[in-house]
2 protein chains.
Amino acid sequence: MTNLFANLSEREVKKLMQVLKSNTITYRKNINILSNRTRDDYIAIIESGSLQLMFNDYNGNKTIIEELNAGEIFGSLTYSLNNDEITCITKEETQITYIEYNQITNGEIIKNDFYIIFVKNLIKLLSDQLNRCNQRIELLTMRTTRDKLLGYFNHQAQIKGSKTFIMNITFTELASYLSVDRSSMTREISYLKEEGFIKINNKKITLLY
Amino acid sequence: MTNLFANLSEREVKKLMQVLKSNTITYRKNINILSNRTRDDYIAIIESGSLQLMFNDYNGNKTIIEELNAGEIFGSLTYSLNNDEITCITKEETQITYIEYNQITNGEIIKNDFYIIFVKNLIKLLSDQLNRCNQRIELLTMRTTRDKLLGYFNHQAQIKGSKTFIMNITFTELASYLSVDRSSMTREISYLKEEGFIKINNKKITLLY
DNA sequence: TGTAAAGTGTTGCAATTGCAACACTTATTA
DNA sequence: TAATAAGTGTTGCAATTGCAACACTTTACA
């Protein structure tokens, strides 16, 4: 169950979904899920699984814009999907719940006293997503790969509360997240190790500065 | 009056602000407005004026993360401001309304029937901000300055509904938005002109492809 | 209205980076 | 468990980019 339903009982969630006229779909791996929903005004909640939002540029290249995981929301509330340059692919079996945006304020739902909890959860989810986006923008606007790496490591250290922490994504994913070439990133990491800025043991990073 | 109060009468807005215990502050130009509010959980609405959110890196450089204009919101709902590497400076005289996040669902406010309009406006604002962020991420993740420029121009053409449109920011601001060196960007624009991709007359861009 | 500030365009040069092509290790799954 | 896919590390080379230092134009404002 995602954060959208935090502090709600199972019964309340059931009622909510019913009144919101939500529907849940389970997709197999590698399915393009935006195919026929691109122009609807809806909220999609990832109940389980994960997605990749990709941009197809003019010469056929595909760039990963972002990865979406269980608990996150997407849809028109988060991304203008009104062009066919964007595709959204399931990375694994993925369960998604759809809610039409206008249902959020329909006449019946606001009668329920737990409605305010739902709204607060939704605002929190959007807010969290926005925080993540801004955090990423902060890194993406840095000039060099070195700055991006150190920016990322610093932020992780801050979150984990320690100068030693475990990476919870692969280096390949990190390169994609920072939008740099993976091999160049590896090279820069080597330099950082040589120059004594960091120490790396498998997925364990230690900041030495 | 910002979008947060769309579809609300002046009387309702007044009531709302009162119940939300909001307060409005007017700042002069070049004021650091985050100085003593960084750890509060609040929403700030820019009533008028504009701001620059900046990142101060380890060697004292300042990078503009984003510009915030009238009608936009910021604060903990949009950005984790829990480090002192971020500063937020007024670009001109700027009026800001602060609302504590928890007031949004206080006992008194939910009694008002116009409350749901306010909530819907807030969700819309967050959603718009998120759309803008994701749009920018799409551009920032592009590999070359050329791709970023064409990506930006395409998006503008799509918004304006024409292959000819007027830039509503300066080229200097565009370079900052795309996070590339301004002079390098100008060089790339020259190449695009030479190669017949675009035509530029002052602020009027025409896409020739 | 005159002066300062901001924006624009250009170019040489060095540094960074992406790309490509490897070899090798670790996960995944049929 | 064997085979396939995904992830990691390295390196040469070329292309892109940032930086710096200009000159010039436009805008802001005292």
Side-chain angles (χ1 to χ4, degrees), chain A residues 28-30 49-50 52 57 59-64 67 89-93 139-151 166-195 198-205, chain B residues 28-30 49-50 52 57 59-64 67 89-93 139-151 166-195 198-205:
Chain A
R28 278 174 294 115
K29 191 177 171 175
N30 290 324
S50 58
Q52 274 183 336
D57 67 16
N59 46 35
N61 290 332
K62 288 180 183 199
T63 315
I64 298 167
E67 301 235 349
I89 308 286
T90 54
K91 278 183 71 185
E92 56 198 299
E93 183 172 296
L139 294 175
L140 288 174
T141 53
M142 288 180 177
R143 295 164 199 73
T144 62
T145 302
R146 170 164 298 210
D147 285 340
K148 290 178 183 178
L149 281 169
L150 292 179
I166 309 289
M167 292 259 299
N168 44 17
I169 56 173
T170 65
F171 284 102
T172 302
E173 287 168 332
L174 179 57
S176 170
Y177 179 73
L178 299 177
S179 194
V180 295
D181 180 70
R182 187 198 57 80
S183 62
S184 297
M185 189 188 83
T186 310
R187 172 170 40 200
E188 194 60 40
I189 287 175
S190 298
Y191 294 156
L192 284 171
K193 283 192 281 193
E194 275 174 35
E195 295 172 38
I198 56 171
K199 214 168 65 184
I200 300 188
N201 261 2
N202 199 16
K203 294 237 169 269
K204 195 175 84 176
I205 315 266
Chain B
R28 277 173 296 114
K29 190 178 172 173
N30 291 325
S50 58
Q52 274 182 338
D57 68 16
N59 46 34
N61 290 333
K62 288 180 185 202
T63 314
I64 298 167
E67 300 235 348
I89 307 285
T90 54
K91 279 184 69 184
E92 57 200 297
E93 183 172 298
L139 295 175
L140 289 175
T141 53
M142 288 180 178
R143 294 163 198 74
T144 62
T145 302
R146 171 164 297 208
D147 286 340
K148 290 178 184 179
L149 281 168
L150 293 179
I166 309 288
M167 291 260 299
N168 44 18
I169 56 173
T170 66
F171 283 102
T172 302
E173 285 168 334
L174 179 56
S176 170
Y177 179 73
L178 300 177
S179 194
V180 295
D181 180 72
R182 187 198 57 78
S183 62
S184 297
M185 189 188 83
T186 311
R187 172 169 41 198
E188 194 60 42
I189 287 175
S190 299
Y191 295 155
L192 284 171
K193 284 192 280 195
E194 275 174 32
E195 294 172 37
I198 57 171
K199 215 167 66 184
I200 300 189
N201 260 3
N202 200 16
K203 293 235 169 271
K204 194 174 83 177
I205 315 267

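Side chains included, hydrogens not; waters and symmetry mates left out as well; all remaining heavy atoms used. So you know, we letter chains A, B, ... as the sequences are listed, proteins then strands, and number each from 1.
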**Q** Would you indicate which nucleotide in C/dT10, C/dG18, D/dG18 comes nearest to any side-chain atom of B/D181?
**A** D/dG18

**Q** NA contact type, B/T170, heavy-atom cut-off 4.0 Å: base, sugar-phosphate, or nothing?
**A**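 Here B/T170 touches the backbone only, sparing every base.
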
**Q** Test A/E188 against every option in A/K148, A/K193, A/R146 by the side chain to side chain donor-acceptor pair (under 3.5 Å) rule and name the one that passes.
**A** A/R146

**Q** Has B/T145 got a side-chain N or O lying under 4.0 Å from the OP1 or OP2 atom of D/dT17?
**A**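 Affirmative; the distance criterion is met.
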
**Q** Rounding to an integer number of Å, can you tell me how far A/R187 CZ sits from C/dG18 P?
**A** 9 Å

**Q** Any chance the side chains of A/R187 and A/S184 put a donor and an acceptor closer than 3.5 Å?
**A** yes

**Q** Step through the shown structure and confirm whether more than 12 heavy atoms of other residues, nucleotides or ligands are within 6.0 Å of CD on A/E93.
**A** no

**Q** Hey, mind stepping through A/E67 and A/K91 against salt bridge (charged side-chain N to carboxylate O under 4.0 Å, His left out) and telling me if it holds?
**A** CA-CA 9 Å; A/E67 301 235 349; A/K91 278 183 71 185; 3.0 Å; yes

**Q** Start at the 5' end of DNA chain C and walk down; is the nucleotide closest to B/F171 or to A/V180 reached first?
**A** B/F171

**Q** What is the distance from CG of B/N202 to C1' of C/dT8, rounded to the nearest Å?
**A** 10 Å

**Q** Rounding to an integer number of Å, can you tell me how far B/R146 CZ sits from C/dG18 C1'?
**A** 16 Å

**Q** Rounded to the nearest angstrom, tell me the gap between atom NZ in B/K91 and atom C1' in C/dG7.
**A** 13 Å

**Q** Just so I know, are the side chains of A/T145 and A/L178 near enough to count as touching, which here means a heavy-atom distance under 4.5 Å?
**A** no

**Q** Whole-Å distance between D/dG7 C1' and A/M167 CE?
**A** 12 Å

**Q** Give the nucleotide from the list C/dC19, C/dT10, D/dC19 with an atom nearest to the side chain of A/S184.
**A** C/dC19

**Q** Between D/dT25 atom P and B/I200 atom CD1, what is the distance in whole Å?
**A** 19 Å

**Q** To the nearest Å, how far apart are B/E188 CD and C/dG9 P?
**A**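 My rounded result for the distance is 14 Å.
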
**Q** When you measure from the side-chain N and O atoms of A/T172 to the phosphate of D/dA6, is any distance below 4.0 Å, counting only OP1 and OP2?
**A** no

**Q** Remember a base hit wins even if backbone is also touched, and classify A/S183 as base, sugar-phosphate or nothing at under 4.0 Å, heavy atoms.
**A**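 Since a base atom lies under 4.0 Å of A/S183, the category is base.
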
**Q** Rounded to whole Å, please give me the gap between NZ in A/K203 and C1' in D/dT8.
**A** 9 Å

**Q** Toward the 5' end of DNA chain D, which comes first, B/M185 or B/R182, by nearest nucleotide?
**A**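 Its nearest nucleotide lies further toward 5', so the answer is B/M185.
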
